[in-house]
Amino acid sequence: MKTILLSLVLLFASLATQAQQLSFPATTCPVGALSEDDAPRKYTFRYANKSERAVVILRVVTTCGCAQPAFSREPVVPGADGEVSVMFHPRGHAGVVNKSLYVYTSASSSPVQLTLTGEVTPTRDRFFYFTERIGDLRLKSREVNFRRVDRRFKTERRVEVANASDRPLRLRVLGLPSCVSFRTEPEVIPPDTTADMVFVIDGQMMDNIPSTFDYEIFIGGTGREPAPSQRTMHLRGEMSPKR
């Protein structure tokens with residue numbers, strides 16, 4: 001008998017807690033069939049406050065950085081409604097979509113779970129990870145980090161790049177200091193292929209550099225030549241102590 005009474009108490013407590021929560025008519029939202037190449041899309045979960053007191057959304061926690069929530073922190077008075085929106089970024093998330101959001105409110109310690117479902121097909125861009133662009137040249141980064149350069153030796157760094165055009169590219173560098181040499185391997189980058197940009201610093205030519213360096217250079221020969229401000233790269237690092 002005591003067990004039955006305890007169960008009833010817990011049941012009524014659970015129902016009371018649910019009644020105090022915001023009511024979401026739909027807790028699952030289909031994103032449909034997307035491609036990694038699609039732009040981010042916004043989805044919305046509507047809610048209503050069917051309780052007898054104001055409820056505040058404290059936070060919304062997601063299981064993936066690809067789903068970025070937005071919501072109002074203003075109190076939702078009884079009878080009022082609103083929405084929790086989420087911006088879904090398909091790039092980098094090919095496959096089945098099953099992303100959860102947990103809505104925490106002032107009415108209960110138990111969150112409401114919302115879910116995005118669907119499928120994202122892989123990108124058609126095989127240079128997907130080369131996120132930086134200089135004309136037809138694609139790069140993973142505009143920074144070449146030499147870290148620590150020994151003044152006694154030469155230090156080499158390679159940057160993988162891609163020719164995303166239908167014509168060969170022969171790169172050139174403007175603003176390169178005399179202590180740095182540059183080449184690409186191969187010298188002419190065929191269309192739709194990857195290559196290495198190779199930078200070599202001669203430490204013996206850098207006696208006048210006290211500790212750190214940051215050289216801004218400009219990349220040319222990239223097919224469609226963008227504005228100078230969009231053609232920049234940086235060579236950064238620090239020098240070993242003088243002996």
Side-chain angles (χ1 to χ4, degrees), residues 36-37 39-40 62 64-66 68 87 89-95 120 122-243:
E36 283 188 285
D37 298 322
T62 66
C64 179
C66 60
Q68 299 176 348
M87 188 69 72
H89 298 254
R91 174 146 293 198
H93 297 280
V120 176
T123 177
R124 295 182 296 274
D125 180 5
R126 73 187 195 91
F127 301 130
F128 163 73
Y129 291 104
F130 294 81
T131 55
E132 297 287 339
R133 298 172 183 263
I134 302 179
D136 292 323
L137 186 70
R138 301 278 292 274
L139 310 90
K140 295 179 181 178
S141 174
R142 289 175 177 263
E143 178 178 320
V144 184
N145 192 342
F146 282 83
R147 298 182 179 86
R148 193 173 181 84
V149 175
D150 194 312
R151 297 178 187 273
R152 299 170 298 172
F153 307 109
K154 293 182 179 181
T155 303
E156 177 183 288
R157 288 290 181 269
R158 291 174 176 263
V159 177
E160 187 180 18
V161 297
N163 179 358
S165 73
D166 57 359
R167 52 189 172 182
L169 297 180
R170 185 188 294 270
L171 302 183
R172 62 183 185 276
V173 176
L174 305 176
L176 199 68
S178 59
C179 59
V180 184
S181 63
F182 168 77
R183 69 180 187 276
T184 61
E185 294 180 358
E187 182 179 356
V188 177
I189 307 174
D192 199 36
T193 61
T194 60
D196 280 349
M197 297 174 67
V198 184
F199 296 90
V200 180
I201 285 186
D202 188 342
Q204 295 184 3
M205 299 178 64
M206 300 184 71
D207 282 341
N208 60 329
I209 305 299
S211 58
T212 62
F213 59 89
D214 183 349
Y215 297 123
E216 184 179 62
I217 60 175
F218 300 86
I219 308 300
T222 60
R224 295 169 297 162
E225 297 290 342
S229 61
Q230 298 174 340
R231 296 162 55 189
T232 60
M233 290 186 67
H234 282 264
L235 311 181
R236 295 189 171 105
E238 65 178 43
M239 301 301 301
S240 64
K242 292 185 178 182
R243 297 180 183 273

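Residues: numbered from 1 along the sequence shown.
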So how far is it from Asp214 CG to His234 NE2, rounded to the nearest 0.5 Å?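 NE2 of His234 is found 5.5 Å from CG of Asp214.
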How long is the span from the CD1 atom in Ile134 to the OG1 atom in Thr222, to the nearest 0.5 Å? 7.0 Å
Would you check, one step at a time, whether the test side chain to side chain contact (heavy atoms under 4.5 Å, CB included) holds for Cys179 with Tyr215? CA-CA 11 Å; Cys179 59; Tyr215 297 123; 3.9 Å; yes
[X]: partners by salt bridge (Lys or Arg N to Asp or Glu O under 4.0 Å), with sequence neighbours left out:
X: Lys154; answer: none
X: Arg148; answer: Glu238
X: Arg158; answer: Glu156, Glu185, Asp196

So does Arg133 have more than 12 non-hydrogen atoms from other groups sitting under 6.0 Å from CZ? no
Report, one line per pair, each donor and acceptor closer than 3.5 Å where one atom sits in a side chain of residues 187-195; sequence neighbours left out.
from	atom 1	to	atom 2	distance (Å)
Glu187	OE2	Arg170	NH1	2.8
Asp192	OD1	Arg126	NE	3.4
Thr193	OG1	Pro190	O	2.7

If the condition is side chain to side chain contact (heavy atoms under 4.5 Å, CB included), which residues does Ala227 pass it with, not counting sequence neighbours?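 Scan of Ala227 (side chain to side chain contact (heavy atoms under 4.5 Å, CB included), adjacent residues dropped) gives Ser229, Gln230.
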Identify which one of Arg231, Arg142, Lys140 satisfies the salt bridge (charged side-chain N to carboxylate O under 4.0 Å, His left out) criterion when paired with Glu132. Arg142
Are the side chain of Arg157 and the backbone N or O of Val144 linked by a donor-acceptor pair below 3.5 Å?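 Here the side-chain-to-backbone pair does not exist.
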Under 3.5 Å, is there a donor-acceptor pair between the side chain of Ser240 and the main chain of Arg151? yes
Quick one: which residue pairs count as a ring-ring contact (aromatic ring centres under 6.0 Å, His included) with a foot in residues 142-189, not counting sequence neighbours? Phe182-Phe199
